[in-house]
Amino acid sequence: MNKICIFCSASDEIDETYFTAANNIILKFIELEYDLVYGGSNLGLMGFTAKIFHENKRKVTSIIPEKIFKAVGNPDFVEDCFVVNSMHERKLKMREMSDCFMALPGGFGTFEELLEVITLKQLGYIDQPIVIANINGYFDDLVVAFERIFTEKFAKPEFRDLYLVSANPQHIVRYVSEYEPFNKNGFL
Ligand code: AMP
């Protein structure tokens with residue numbers, strides 16, 4: 001396992017504490033020689049994340065739809081850039097290339113990407129570890145919404161294990177390193 005796909009904010013306006021905490025988590029993955037797959041922006045936590053991987057001599061791969069690529073180009077810390085036709089194609093390529101997924105705090109784009117991989121894992125299409133990096137408790141409300149899904153039986157209780165929610169860098173890398181396939185018994 002050595003490619004992590006990170007979904008995160010493309011906003012430069014967020015609080016500095018998000019960058020500091022994200023840095024601590026990212027460095028743990030770099031210690032384990034992970035390379036990065038991400039959406040190709042130089043903005044916000046996205047650009048910040050890619051720069052850290054690049055500065056630490058890890059490979060940065062961006063997967064970016066043509067429409068966005070035409071508007072923003074390719075940041076110089078990206079080593080390998082795939083320009084694709086659509087957001088759908090981007091997410092498919094990200095999944096094919098990545099050994100694990102992590103959402104750092106972000107907006108609609110991040111939520112959409114995170115929920116898609118959780119849904120696909122629930123249906124047995126993918127089986128990589130998924131981490132929700134709950135920096136500053138940013139995802140607390142989402143976790144409460146997820147809990148209602150389980151308590152009202154919209155999803156099986158074992159699907160709580162589709163993902164890890166943690167802000168602790170050691171905990172996160174241990175989860176990914178020791179990950180056991182979720183769908184090993186083929187539940188569908
Ligand atoms: P958001 O969480 O709404 O800031 O969106 C972040 C997610 O959407 C990222 O993981 C990207 O895949 C995608 N995204 C949003 N803005 C951009 C951008 N300017 N360039 C490339 N990808 C972007």
Side-chain angles (χ1 to χ4, degrees), residues 3-26 29-30 34-54 58-121 125-126 128-146 162-167 172 176:
K3 280 199 177 66
I4 181 167
C5 178
I6 300 185
F7 309 129
C8 59
S9 174
S11 168
D12 282 327
E13 313 286 314
I14 60 175
D15 195 86
E16 191 54 39
T17 52
Y18 287 108
F19 293 90
T20 313
N23 183 52
N24 294 334
I25 299 171
I26 292 162
F29 281 98
I30 288 171
Y34 271 79
D35 294 323
L36 175 68
V37 174
Y38 89 121
S41 174
N42 62 352
L43 301 172
L45 275 175
M46 290 181 74
F48 177 80
T49 298
K51 269 181 225 153
I52 299 172
F53 273 87
H54 177 73
R58 302 311 308 168
K59 185 172 174 185
V60 174
T61 300
S62 76
I63 304 171
I64 186 161
E66 194 175 10
K67 179 181 184 317
I68 304 178
F69 181 76
K70 278 185 181 154
V72 300
N74 196 22
D76 52 15
F77 41 79
V78 170
E79 225 176 305
D80 214 3
C81 174
F82 292 87
V83 180
V84 293
N85 291 318
S86 66
M87 293 289 276
H88 283 292
E89 209 182 301
R90 169 200 251 179
K91 288 183 288 178
L92 177 64
K93 185 98 187 138
M94 282 173 152
R95 288 199 297 280
E96 286 171 354
M97 290 193 71
S98 306
D99 302 300
C100 64
F101 303 100
M102 178 166 66
L104 297 172
F108 293 117
T110 302
F111 276 62
E112 192 262 340
E113 290 163 340
L114 171 64
L115 285 169
E116 181 172 90
V117 289
I118 293 174
T119 307
L120 291 171
K121 188 166 170 181
Y125 285 101
I126 62 170
Q128 297 98 318
I130 299 172
V131 173
I132 301 174
N134 197 19
I135 294 169
N136 288 354
Y138 180 76
F139 290 107
D140 283 352
D141 292 340
L142 184 69
V143 173
V144 169
F146 283 2
L162 287 167
Y163 47 82
L164 172 80
V165 183
S166 175
I172 290 172
V176 172

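Just follow the structure's listing: the first ligand is 1, and inside any ligand the first atom is 1.
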Engineer: Under 30°, 30 to 60°, or over 60°: which ring-plane class applies to Phe101 and Phe7, parallel, tilted or perpendicular?
Structural biologist: parallel
Engineer: Just need the protein heavy atom nearest to atom 5 (O) of ligand 1, so name the residue and atom and give the distance.
Structural biologist: Gly109 CA, 3.5 Å
Engineer: Looking only at distances, please establish whether an N/O atom of ligand 1 is found under 3.5 Å from an N/O atom of Gly107.
Structural biologist: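 For ligand 1, there is an N or O atom that lies under 3.5 Å from one belonging to Gly107.
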Engineer: Starting from atom 19 (N) of ligand 1, locate the nearest protein heavy atom and write down its residue, its atom name and how far away it is, to 0.1 Å.
Structural biologist: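 Answer for atom 19 (N) of ligand 1: Ser41 OG, 3.8 Å.
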Engineer: Could you check atom 16 (N) of ligand 1 against the protein and tell me its nearest heavy-atom contact, residue, atom and distance included?
Structural biologist: Ala10 CB, 3.5 Å
Engineer: Before giving the answer on side-chain contact (heavy atoms from CB on, under 4.5 Å), spell out for Phe82 and Ile64 the whole-Å C-alpha distance, their side-chain angles and the decisive distance to 0.1 Å.
Structural biologist: CA-CA 6 Å; Phe82 292 87; Ile64 186 161; over 6 Å; no
Engineer: Considering Met94, Met87, Met46, which one's heavy-atom position lies nearest to atom 14 (N) of ligand 1?
Structural biologist: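 The nearest heavy atom belongs to Met46.
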Engineer: Indicate whether the side chain of Thr17 and that of Asn136 have a donor and an acceptor atom separated by less than 3.5 Å.
Structural biologist: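 Yes, side-chain donor-acceptor contact under 3.5 Å.
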Engineer: Do Val37 and Ile63 have side chains that approach each other closer than 4.5 Å (heavy atoms only, starting at C-beta)?
Structural biologist: yes
Engineer: Which atoms of ligand 1 have any heavy atom of Ile68 under 4.0 Å away?
Structural biologist: 20 (N), 21 (C)
Engineer: May I ask you to say whether Asp35 pairs ionically with Arg58, meaning some side-chain N is under 4.0 Å from a carboxylate O?
Structural biologist: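 Yes, this pair counts.
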Engineer: Could you check which of Glu113, Arg90, Lys67, Glu112 puts a non-hydrogen atom nearest to atom 22 (N) of ligand 1?
Structural biologist: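 Of the listed residues, Arg90 has the closest heavy atom.
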Engineer: Ring centres under 6.0 Å, that's the criterion: do Phe146 and Tyr163 meet it?
Structural biologist: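 Yes - the distance between ring centres of Phe146 and Tyr163 falls below the 6.0 Å cut-off.
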Engineer: Can a salt bridge be assigned to the pair Lys91 and Glu113 using a cut-off of 4.0 Å between side-chain N and carboxylate O?
Structural biologist: no
Engineer: Can you tell which of Cys8, Pro65, Ser9, Gly39 gets a heavy atom nearest to atom 6 (C) of ligand 1?
Structural biologist: Cys8
Engineer: What are the atoms of ligand 1, with element, lying closer than 4.0 Å to any heavy atom of Gly106?
Structural biologist: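 Contacts of ligand 1 toward Gly106, numbered from 1: 2 (O).
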